[in-house]
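See structure below.
Positions are given from 1 along the sequence.
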Amino acid sequence: MMPTSAQSVYIQVVRTLPPTERLRLATLILNELVEQDSSVIDRSDRWTDRDIIDLNNFSLQYAATLFPEDEETVE
């Protein structure tokens, strides 16, 4: 049975791909979106509150992968 939501496609298919293939897939998707309908892309240079929250969340998640809690901290 074919996955029906983006989340299920991600979990069942995308997550299993190696990082280089995931990046290639993301590039294909974004390039196609740009070519199809540029009106869906917000080209403003103003950051919304949602943009800032998303950036903060990503930064914290990335930092957590770099510095896992189980490592001993140096003081």
Item to check | Approximate separation, where rounding is to 0.5 Å, of Gln7 CD and Gln12 CD | outcome: 10.5 Å
Checklist entry - So, do Ile53 and Asn56 sit near enough that their side-chain heavy atoms are less than 4.5 Å apart? => result no
Next on the checklist: Once rounded to the nearest 0.5 Å, what's the spacing between atom CG of Asp54 and atom CG of Asp49?
Outcome noted: 11.0 Å
Checklist entry - Does one hydrophobic cluster hold both Tyr62 and Leu55, with members joined at side-chain heavy-atom distances below 4.5 Å? => result no
Item to check | Spacing of Leu23 atom CG and Leu17 atom CG [to the nearest 0.5 Å] | outcome: 11.5 Å
Next on the checklist: How about CZ on Arg22, more than 12 heavy atoms from neighbouring residues, nucleotides or ligands closer than 6.0 Å, or not?
Outcome noted: yes
Next on the checklist: Does atom CG (Asn31) have a neighbourhood of more than 12 heavy atoms from anything else shown, all under 6.0 Å?
Outcome noted: yes
Checklist outcome for this item: Between the CD atom in Glu21 and the CG atom in Leu28, the distance rounded to the nearest 0.5 Å is 9.0 Å
Item to check | For the student: nearest non-hydrogen atoms of Leu25 and Val14, plus distance | outcome: CD2-CG2, 3.6 Å
